[in-house]
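Take a look at the structure below.
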Amino acid sequence: MRRSREAEQDVHDGTANEHRKLQQNYRRGNKEDHMKRYEPNIIEPKWQAKWAEDNTYGVTEDTSKQKIYASPMLPYPSGTGLHTGHVRNYSITDAVARFYRQKGFNTMSNIAWDAFGLPAENFAIKTGTPPAVSTANNIAYFKKQLLRLGMSYDWSREFDTSDPEYYRWTQWVFSLMYKRGLAYKAEKQQWWCDKCNTVLADEQVNASGKCWRHEGADDPEVTKKSVNQWFFKITDYADEILESTDALNWPEKIKTMQKNWIGRSEGTVVEFDLKGLGADKVKLDVFTTAVETIFGVTFMVLAPEHPLVAEYGQLAENSEEIDAYVQKAIRKSELDREMEKVKTGVKIEGLSAINPMNGNEIEVWVADYVMMGYGSGAIMAVPGEDQRDFDFATKYNIPVVFTTDRGEFTNYQEEIKPNKKAFMLANSGEFDGMNFEDGRKAIIEKIVSIGKGEARVQYKIRDWLISRQRYWGAPVPIVYCEEHGEKLVPEDQLPVRLPEVDNYVPDGKNSSVLAGVEEWVNTTCPVCGKPAKRETDTMDGYVCSTWYLHRYTDAHNDKQAFDPEKANYWFPVDFYFGGDHAVAHLLYIRFFQKVLCDAGLAKDREPIKQLVYNGYINAEDGRKMSKSLGNTVDPMDIIESGYGADALRVFELFIAPYDQDTSWNSKGVPGTYRFLNRLWTLTQEFIEQPKVESSKPKDQFRDIYKVAHTAIKKVTQDLESLSFNTAVAAMMGAVNDLYLIKVKDSYSNTDAWRFALESLAQLIGPFAPHIAEELWHELGHKDSVHLGHWPEWDEKYLVKNSVVYAVQVNGKVRGEVEVPAGADQKTVEEAARANGKVASYITGDPKKVIFVPNKLISFVV
RNA sequence: GGGCGAGUGGCGGAAUUGGUAUACGCGUUUGACUUAAAAUCAAAUGACCACAAGUCUUGAGGGUUCAAGUCCCUCCUCGCCCACCA
């Protein structure tokens, strides 16, 4: 069940060899026999057990302390387990959580399982294993991995979203939405995946028109199907979400994507009367962002799917031609239509529209360059002012009217388009001579006054489609009664439990297998008690994950989804870590938080203070890590082969800046293991030295203190700015420096060495928590280094006694000189000119001398 | 077509307001230890050059400056996102 091993045999063999080597090293290494060796597979499980026993990472709402809430995005427990690419996200989360915990913050970090979803159901269809069983197995392995990695979660708050005790409250979330008028059922054209046999949200359809779960070359494109569906009214909050996006401390990339997704544009809805084919009383609404061009409208265009096309197209003389065009256009995917360079269309003969501003009668066309999915699916075409309309008009010999006075300009792309706003209106009746802005205002006013339209804000975002025709999800808590219609299941009757079934294959007829479970479907009406039928749709997994960050704050409450007081203590989430779901999940949780606020259940209108969005780690071959390519590495293999979780975690943080994509390197973990081993050895050797009561003043150990304080400063600042890779480099540098000092001078049990080693034990805590704890205890401490132990640096040890200046002549470095700290320009200049090599480049007096304190001196000759 | 990123050794990557480019790690090479290998420790490692000296080097080309990976202009490549958006 767990995972297919064959594909990773090579990797496995490789690590097995490493394992053998390491074991030999332990047995026959040249370290003195009595010295305790660095064996992560002994110390790591030991501390993991101790932390669990002491509940080291358990938290309560301690108002006397400042809180930090740091969480990774909850994982979907797939059958393949975590690979080393996934481990990056968890390592980053844990480094930040541990850093703040060590600094004394009341820090909460958690894990939960996003357990509902299609793969478990598909696995059930294939093998007959119930989703609940395979999901539990998968969770067990994920949990084993994360425990072995030593993540500092409050495990008492763990839950999985497919547990009735959880989805009971997911159904409560639905009720909350329903009661606030934010959940509704509607018949809409929706994306449909033939492989999943279910509808998909817009966000689940990728750029090439395929389902997010079936993106392969052989997979079919999604199609449109008309289905009666449940929606959450996210559009009610579109404006607020959009407006508050800029202020978020989130990556610009994500913010831009969300803003594009909401897609706000301000414009005008204009109503055109129709004429002919018996449509004389019918109005055609169009949306335009350039209403000032309305005098230039010479034709109207309807999208092929527009309802008026179906209605009046068949009445036209050329109905066959229209029908053929529409059929062809609908078969083409939206993507194909967009790729189409040449615009095509068909005129609806006999139908015309009346321009409300000048009464002109104009043609009505069907063309697939207009999309049903935006605006009203119809446009007023202004070929004089719009390139697309112009192309179309030219092709079909439709008149062109310019509504701007362009003077001598003739080139549209080069001259007119960029300067459009500078031209005065023309051919626009009473509005001639007005500039673009005034003209627009005046024309909108006029349209409104004659009752033919209004200003409107148009969004690209649609309401959130939440229902799925699948088994393995939280049932929508609705029943249908003949007398009372659609009724919410009362809260005290939740959860609506998923019944056990034998056959998981959906019939593809717009309903899930639940529809076939009669004893479940047949229920009673909560109002009259008479027979009623259950809703058979389940909710999209994104509904489950929309409120789980709240559940963490009160994970086992059986009276309510969460206690708002507890949630308000922890919220907003200070750091949210992930590398996926740029739009969907991250938009939904913002929406939900605002709903909670309006319902009086939350106070912060934004749930996430800082989004930490990590890049991908690709496989060593440069391709994306995936089970099907056989290029994933199981972190357990690396850990168990003797390198341990700490070395793996350090490498995950060291490999590159966290937000950058990079590639796995199988030699990397041995490298970070070496580093940890050097730190280990340094500490062990120290412990074995007899304690020295030094009579030397502290200043004699200045270089040791300097190394320690430099590292403390750098690592602290780097963690604050999430620069994990340079923090690791700084610690490596410190260890290297201490080795040099050790070799050069004596190595003895002095306060200076103790300070340096204790500092490093603390600094390494967020990165390699087990060795940190072990060394901390080896150095004589009894408590956990992870609770409230973080070193502070003292600037006085960072002050240099002497400074090395670079000496430049005409901008080129020709040498360097060492002078006492604080030397003035004259001193440095003399020292520099005393340098023979420098002097050879300077003949006579320099024209100019540039002096940069503590850096360089530059002679211009 | 539009928007946003990014191009630095053999590789992953460092580099305050412009101020000694290549920190740290991997890899490679040498030495110590070892019967031997591994491990460990010490050291070398951008290119050209036998060495020194010197020259060149941050995608390409120009510019500003005493000084440019960093600022400005032109261009190339790659990645991501959006896209007949009315």
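Residue numbers begin at 1 in each chain, while the letters A, B, ... track the order of the sequences.
Base pairing annotation: B:A86 forms no Watson-Crick or G-U wobble pair, as no partner gives both donor-acceptor distances under 3.5 Å. Across all strands shown, B:C78 forms a Watson-Crick or G-U wobble pair, both distances under 3.5 Å, with B:G5. With a cut-off of 3.5 Å on both Watson-Crick or G-U wobble distances, the partner of B:C71 is given as B:G63. Across all strands shown, B:U16 remains unpaired; no Watson-Crick or G-U wobble contact has both distances below 3.5 Å. In this structure, B:C51 forms no base pair with any nucleotide, since neither Watson-Crick nor G-U wobble geometry is met with both distances under 3.5 Å. Using N1 to N3 plus N6-O4 or O6-N4 for Watson-Crick, or N1-O2 and O6-N3 for G-U wobble, each under 3.5 Å, B:U22 pairs with nothing. Taking a pair to require two hydrogen-bonding distances under 3.5 Å in either a Watson-Crick or a G-U wobble arrangement, B:C41 pairs with B:G31.
Contact annotation for A:G668: no contact, since no heavy-atom pair falls under 4.0 Å across all strands. Contacts of A:K847 with the nucleic acid, taken as non-hydrogen atoms under 4.0 Å apart, are absent. Among the heavy atoms of the strands lying under 4.0 Å from A:S858 is at least one base atom, whether or not backbone atoms are also near. Residue contacts for A:R814: at a heavy-atom cut-off of 4.0 Å it reaches the sugar-phosphate backbone alone, with no base atom in range. Within 4.0 Å (heavy atoms only), A:V804 reaches at least one base atom of the nucleic acid. Within 4.0 Å (heavy atoms only), A:Q458 reaches no atom of the nucleic acid at all. At a threshold of 4.0 angstrom between heavy atoms, the contacts of A:D389 with the nucleic acid are absent. Counting any heavy atom pair closer than 4.0 Å across all strands shown, A:L856 reaches a base atom.
Judged by the 6.0 Å and 45° rule, A:K624 forms a cation-pi pair with A:Y616. Annotation: cation-pi pair A:K395/A:F392 absent, no NZ/CZ under 6.0 Å from the ring centroid and within 45° of its normal. Geometrically, A:R678 engages A:Y739 in a cation-pi contact, judged by NZ or CZ lying under 6.0 Å from the ring centre and within 45° of the ring axis.
More than 12 heavy atoms of other residues, nucleotides or ligands sit less than 6.0 Å from atom CZ of A:R264.
Comparing B:A60 with B:U8, their P atoms are spaced 10 Å from each other, to the whole Å. The same atom, P, is picked in B:U58 and in B:A68; the two are 11 Å apart, to the nearest Å. The gap from the C1' atom of B:G9 to that of B:G69 amounts to 14 Å, rounded to the nearest Å. The P atoms of B:C71 and B:G7 are separated by 11 Å, rounded to the nearest whole Å. B:U16 and B:C26 have their C1' atoms separated by 28 Å, given to the nearest Å. Only the P atoms considered, B:G10 is 15 Å distant from B:C49, to the nearest whole Å. Between B:G12 and B:G59, the two P atoms lie 14 Å apart (nearest whole Å). With P as the reference atom, B:U70 and B:U20 are 14 Å apart, rounded to whole Å.
Separation of the A:W664 and A:F651 ring centroids falls under the 6.0 Å cut-off. Between A:Y613 and A:W250, the distance from one ring center to the other does not fall under 6.0 angstrom.
Regarding contacts with the backbone of B:C56, a side-chain N or O of A:K812 is found under 4.0 angstrom from either OP1 or OP2. Contact check, A:N725 against B:A14: a side-chain N or O comes under 4.0 Å of OP1 or OP2. Between A:K855 and B:G18, a side-chain N or O to OP1/OP2 separation shorter than 4.0 Å is absent. At least one side-chain nitrogen or oxygen of A:Q660 sits closer than 4.0 Å to the OP1 or OP2 atom of B:G13. When the side-chain nitrogen and oxygen atoms of A:Y841 are compared with OP1 and OP2 of B:G54, one or more of them lie within a distance under 4.0 Å. Distances shorter than 4.0 Å separate some side-chain N or O of A:R674 from OP1 or OP2 on B:C26. Phosphate contact (OP1/OP2 of B:C41, side-chain N/O of A:R678, threshold under 4.0 Å): present.
By the 30° and 60° cut-offs, the orientation of the rings of A:F851 relative to A:Y805 is parallel.
If you check distances only, the side chain of A:E252 never reaches the base of B:G5 with a donor-acceptor pair under 3.5 Å. No N or O donor and acceptor, one from the side chain of A:K253 and one from the base of B:C81, sit under 3.5 Å apart.
The distance between atom CG of A:L679 and atom P of B:G25, rounded to the nearest whole Å, is 14 Å.
Each of A:A656 and A:G263 lies near RNA chain B, and the nucleotide nearest A:A656 is the one positioned closer to the 5' end.
An anti base is found at B:G18: its glycosidic angle is more than 90° from 0.
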